[in-house]
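Note that these values count all heavy atoms, side chains included, but never hydrogens, waters or copies made by symmetry. One-based numbering along the sequence shown.
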Amino acid sequence: MRVGIATVHTPGIHGGAEFLVDGLVEAVRAAGHSVHKISMPFYFEPMDAAAKTMDHCLSANFLPYGGGQIDRMICLKFPAYMIRHPDKRIWLLHQHRSAYDLYGTPYGWLRGKKETDALRQRIIEGDNESLGGVASGSARAVYTIAERVCARLRQYNGIESKALYHPPANAEEFRLEPALPYIFVPSRLEGLKRQDLMLKALAACRSPVQAVFAGTGSMRKHLEAMAETLGLTDRVRFVGAVSRADMLNLYAHATAVFFGPLDEDYGYVTLEAMLSGKPVITCSDSGGPLEFVLDGETGFVTAPEPQAIAEALETLMANAGKAAELGRNGRARYDAMDITWSHVVETLLADIPPIEQSGVAP
């Protein structure tokens, strides 16, 4: 088949979403199909930039082709899924979170602002039609990357969907090596990732637990200053952006991995830790990681409070055998979940009778 993969990108940023697109393109080609990648630029600022990209996607009308040039269209991100096509399937990374779960929070749009509220309403109406409508060009099936994304779509739009998990990039490269006495903390250094919570937890530890933070972001200077204020400079390292080989080594030799974001969509860190045979410490409000981390079995799920995290850190650092056991359990859980690109492609491109054009995943 000729398969379209539609998404958006923010120039200068290449993160998890871009790795997903690359992986999907490669997997569809490996399955014997030709791929037409459609990626439109998207900017978060100014606020009305979202409306302009919506207009662009709505004007990108693939309906006249009747499926001739592109047989099936897979749409990934807001507002690319507003593109019209007679056989469109959604694999939703996330909606425009500023208009949904982050609305009225420090991480999203301010509540009660006239222009913001009007755009938010337009986004909700556009999502309802594109994701759950029955009009021409609406989705024939809706999948998401995680149950957490399904829950948001159900809560805010009343649209049912189904989670479809995929592996992190080059999953076969992760490996298990003898543990060294440090906690690995990989992720972008941004507010929603909550590395500040980890620093406070380290300060609350009774023993000198050490941690390595990998990644770059707008919060780096703030976090380094916080570490100094908390007296942690001899126990933490901020290594910034590291090579692939160094990243794999840091995972392979860690005692455990901390990943405690606020309501994450999916979270490659969790899966990468499991592939490396390492237990994961996450928080009860961290979203996506909770679909993989079983408290006391593959890691620990704690309250998003420094003292609770500190207790989990010290438990694993003081008991190497327990940490290794939880890590093995995590790798076994990953292997049992059929998290493969072949399963993703088979599901997204499956035949769906026209009568099921309801926007609800079968």
Side-chain angles (χ1 to χ4, degrees), residues 10 13-20 44 77 92-98 100-108 144-152 155 163 165-166 168-169 183-202 211-220 222-223 226-227 236 238 240-241 247 250-251 254 256-276 278-295 298-310 312-313 330 334:
T10 300
I13 295 179
H14 194 92
E18 289 70 36
F19 285 119
L20 180 149
F44 291 93
K77 293 183 70 176
L92 184 64
L93 277 66
H94 57 74
Q95 296 168 271
H96 195 38
R97 296 185 64 187
S98 292
Y100 286 99
D101 55 301
L102 299 181
Y103 178 68
T105 76
Y107 305 103
T144 78
I145 60 169
E147 292 288 353
R148 186 67 195 107
V149 183
C150 290
R152 293 195 203 117
Q155 176 184 352
Y165 298 135
H166 67 287
I183 305 294
F184 189 35
V185 191
S187 190
R188 293 195 319 275
L189 304 180
E190 303 292 349
L192 280 172
K193 303 302 182 181
R194 298 197 298 195
Q195 287 92 349
D196 59 330
L197 193 55
M198 176 62 171
L199 290 175
K200 294 173 185 176
L202 289 169
V212 177
F213 292 74
T216 61
S218 63
M219 295 289 288
R220 178 166 180 171
H222 170 77
L223 293 168
M226 177 181 287
V236 303
F238 290 90
M247 180 69 75
L250 286 166
Y251 270 115
V257 172
F258 174 78
F259 186 51
L262 176 63
D263 201 16
E264 183 81 2
D265 303 315
Y266 189 45
Y268 287 131
V269 171
T270 309
L271 302 179
E272 291 168 349
M274 295 169 76
L275 284 165
S276 304
K278 304 300 178 178
V280 178
I281 301 170
T282 191
C283 299
S284 56
D285 61 353
S286 286
L290 302 177
E291 299 173 37
F292 305 98
V293 181
L294 303 179
D295 187 39
T298 65
F300 290 119
V301 178
T302 79
E305 300 170 357
Q307 188 57 51
I309 298 169
L313 295 173
Y334 181 98

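Separating the CG atom in Leu197 from the CD1 atom in Ile309 is a distance of 3.5 Å, to the nearest 0.5 Å. Note that CE of Met198 is 6.0 Å distant from CZ of Phe258, once rounded to the nearest 0.5 Å. Rounding to the nearest 0.5 Å gives a distance of 13.5 Å between CG of Asp265 and CD of Glu147. Remark: Ile281 CD1 to Thr270 OG1 distance equals 12.0 Å, nearest 0.5 Å. One finds the OH atom of Tyr334 at 4.5 Å from the CG atom of Leu275 (value rounded to the nearest 0.5 Å). Expressed to the nearest 0.5 Å, how far CG of Leu262 lies from CD of Glu190 amounts to 13.5 Å.
Within 6.0 Å of the CZ atom in Arg97, the count of heavy atoms belonging to other residues, nucleotides or ligands exceeds 12.
Closest of all the heavy-atom pairs between Gly330 and Met274 is O-CE, 3.2 Å. In this structure, Ala273 and Val280 approach most closely via the heavy-atom pair CB-CG2, 3.5 Å. Between Ala303 and Cys283, the closest heavy-atom pair is O-SG, 4.4 Å. Heavy atoms only, all atoms of each residue included: Pro186 and Phe259 are closest at O-CD1, 4.4 Å. Scanning both residues, Leu202 and Ala211, for their nearest heavy atoms gives CD1-CB, 3.8 Å. Closest approach of Leu290 and Ser284 over heavy atoms only: CD1-O, 3.3 Å.
Of the possible polar contacts, none joining the Lys77 side chain to the Leu93 backbone as a donor-acceptor pair under 3.5 Å is found. Asp295 places a side-chain N or O within donor-acceptor distance of the main-chain N or O of Val301, the cut-off being under 3.5 Å. With hydrogens and angles disregarded, no donor-acceptor distance shorter than 3.5 Å links the side chain of Ser276 to the backbone of Lys278. In this structure, Gln307 contributes its side chain and Ala201 its backbone to no donor-acceptor pair below 3.5 Å. One N or O on the side chain of Gln195 and one on the backbone of Arg188 form a donor-acceptor pair closer than 3.5 Å. Between the Thr216 side chain and the Ala241 main chain, no donor and acceptor come within less than 3.5 Å of each other. With hydrogens and angles ignored, the 3.5 Å screen pairs no side-chain donor or acceptor of Arg152 with any backbone N or O of His94. Under the 3.5 Å distance criterion, the side-chain polar atoms of Thr298 are matched with a main-chain donor or acceptor of Leu294.
Side-chain atoms of Val212 and Leu250, non-hydrogen and from C-beta on, do get closer than 4.5 Å to each other.
In summary, the side chains of Tyr266 and Glu291 do not present any donor paired with an acceptor at a separation below 3.5 Å, with no hydrogens or angles considered. For the 3.5 Å distance criterion, the side chains of Tyr268 and His166 qualify, holding a donor opposite an acceptor.
Using a 4.0 Å cut-off between charged side-chain N and carboxylate O, Arg148 and Asp263 make a salt bridge.
The only option from Lys193, Glu264, Arg194 that meets the side chain to side chain contact (heavy atoms under 4.5 Å, CB included) definition with Ser187 turns out to be Lys193.
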Going through the distances and angles, do Phe184 and Tyr251 end up as a ring-ring contact (aromatic ring centres under 6.0 Å, His included)? CA-CA 7 Å; Phe184 189 35; Tyr251 270 115; 5.0 Å; yes
With side-chain contact (heavy atoms from CB on, under 4.5 Å) as the test, would you mind laying out the steps for Val236 and Leu223 before giving the verdict? CA-CA 11 Å; Val236 303; Leu223 293 168; over 6 Å; no
